[in-house]
Amino acid sequence: MFQPIDVSFYQQPTLELARSLLGKLLVKETELGTASGWIVETEAYIGPGDRAAHSFGNRRTRRTDVMFGPPGYVYTYVMHTHCLINVVSGESGHPEAVLIRALEPCTGIGLMYERRGPDKKLQALTNGPGKLTKALGIEKEDYGRSFFAPPLYIAEGKNIESIAAGPRIGIENSGEAKHYPWRYWAMGNPFVSRL
DNA sequence: CTGAGGATTGGCT
DNA sequence: GCCAATCCTCAGT
């Protein structure tokens with residue numbers, strides 16, 4: 001179907017990777033079929049110094065363990081009733097990651113409607129971190145997979161003309177870190193989670 | 001074993 | 001805008 005991007009792509013500084021991921025295609029193959037979308041919004045989390053990161057203070061638990069490994073692997077975790085997905089970044093021993101917050105649907109849109117419900121506007125399918133995982137069929141069991149081979153991988157997509165940056169969403173209790181402009185999105189794209 | 005706390009979402013006021 | 005849903009994960013007893 002699509003060609004996964006090589007491992008070396010993930011070996012760049014986390015803030016650069018967060019921007020480089022915009023426009024790339026996130027693909028998930030399941031028994032029900034394949035669904036994919038262009039990444040249009042990301043957030044960088046750079047432990048151990050980032051109070052908003054799960055790995056703040058080098059906190060290593062069963063949940064954050066994959067963040068301490070090499071880049072290019074899948075970090076999923078459950079938030080309330082939803083699953084969120086991150087791309088592990090940074091060298092081994094540096095627990096950093098990029099949260100994927102929104103997609104623009106590409107292929108398998110019918111499948112996305114089956115998973116998200118039929119009475120949705122197109123943009124409501126994938127314009128949030130918990131929505132896009134449900135639309136693509138990504139689950140916490142994907143934790144620890146790599147992003148450079150099926151069934152879950154990232155491929156080349158389309159060029160993003162203009163990238164906007166601003167504070168990250170939903171981290172009010174993170175002290176100074178809440179001001180860091182580590183959220184990136186494709187300017188003007190209607191599928192980003194918030195303006 | 002128990003309790004508290006979320007990198008959210010969708011429905012209702 | 002407010003708030004409940006709902007379920008891990010983690011830390012403390």
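Proteins come first, then strands; the chains are lettered A, B, ... in the order of their sequence lines, and each starts at number 1.
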| field | Residue list, side chain to side chain donor-acceptor pair (under 3.5 Å) with A/S36, at least two apart or on another chain | value | A/T107
| Got a sec, which residues hit side chain to side chain contact (heavy atoms under 4.5 Å, CB included) with A/T14, two or more places apart in sequence or on another chain? | A/A44, A/I46, A/S89, A/E96, A/V98
| query | Under a 4.0 Å N-O cut-off, is there an ion pair linking A/D65 with A/R62? | reply | no
| query | With a non-hydrogen cut-off below 4.0 angstrom, is A/N86 in contact with a base, only sugar-phosphate, or nothing? | reply | base
| query | Any side-chain heavy atom of A/S193 within less than 4.5 Å of one from A/R183? | reply | yes
| field | Pair A/D50 + A/K178: basic N to acidic O under 4.0 Å | value | no
| Using a cut-off of 4.0 Å on non-hydrogen atoms, how would the nucleic acid contact of A/R183 be classed: base, sugar-phosphate, or nothing? | nothing
| Which pairs, with at least one residue in residues 79-137 of chain A and sequence neighbours excluded, count as a ring-ring contact (aromatic ring centres under 6.0 Å, His included)? | none
| query | Looking for any heavy atom pair under 4.0 Å, which part of the strands does A/I171 touch: base, sugar-phosphate only, or nothing? | reply | sugar-phosphate
| Measuring from A/I154:CD1 to A/D6:CG, what's the distance to the nearest 0.5 Å? | 13.0 Å
What side-chain donor-acceptor pairs closer than 3.5 Å can you find for residues 133-140 of chain A, not counting sequence neighbours?
from   : atom 1 : to     : atom 2 : distance (Å)
A/T133 : OG1    : A/C83  : O      : 2.7
A/T133 : OG1    : A/G130 : O      : 3.0

| message | The criterion is side chain to side chain contact (heavy atoms under 4.5 Å, CB included); which residues satisfy it with A/P181, sequence neighbours excluded? | response | none
| query | ring-ring contact (aromatic ring centres under 6.0 Å, His included): which pairs involve residues 2-49 of chain A, sequence neighbours left out? | reply | none
Between the protein and nucleotides 2-4 of chain B, which nitrogen or oxygen pairs are less than 3.5 angstrom apart?
none

| field | Side-chain donor-acceptor pair present, A/T34, A/E29, cut-off under 3.5 Å | value | no
| Partner residues of A/Y77 under the ring-ring contact (aromatic ring centres under 6.0 Å, His included) criterion, sequence neighbours left out | A/H54, A/Y75
| task | Starting from P on B/dT8, measure out to CG on A/N173 and report it in whole angstrom. | result | 12 Å
| A/Y73 side chain near A/V87 side chain, heavy-atom distance below 4.5 Å | no
| Any side-chain heavy-atom pair of A/R60 and A/P95 under 4.5 Å | no
| task | Name the residue closer to the 5' end of DNA chain B, choosing between A/S174 and A/K131 according to the nucleotide with the nearest heavy atom. | result | A/S174
| task | For DNA chain B, determine which residues of residues 39-56 of chain A have any heavy atom closer than 4.0 angstrom to one of its atoms, and list them numerically. | result | A/Y45, A/A52, A/H54
Are any protein N/O atoms closer than 3.5 Å to N/O atoms in nucleotides 8-12 of chain C? If there are, list each pair with its distance.
from   : atom 1 : to    : atom 2 : distance (Å)
C/dC10 : OP1    : A/T61 : OG1    : 2.1
C/dC10 : OP1    : A/R63 : N      : 2.9
C/dA11 : OP1    : A/R59 : NH1    : 2.5

| field | Contiguous pairing runs of three or more, Watson-Crick or G-U under 3.5 Å, that involve DNA chain C | value | B:1-6 with C:7-12, B:8-12 with C:1-5
When you compare the protein's N or O atoms with those of nucleotides 1-5 of chain C, which come within less than 3.5 Å of each other, and at what distance?
from  : atom 1 : to    : atom 2 : distance (Å)
C/dA5 : N6     : A/H80 : ND1    : 3.4

| How close or far is atom P of B/dG5 from atom CD of A/E172, stated in whole angstroms? | 17 Å
| field | Within-4.5 Å side-chain heavy-atom neighbours: A/V40 and A/L103 | value | no
| task | Establish, with yes or no, whether the OP1 or OP2 oxygen of B/dT9 is under 4.0 angstrom from a side-chain nitrogen or oxygen of A/R116. | result | no
| message | Please determine whether a side-chain nitrogen of the Lys or Arg among A/E43 and A/R101 lies less than 4.0 Å from a carboxylate oxygen of the Asp or Glu. | response | yes
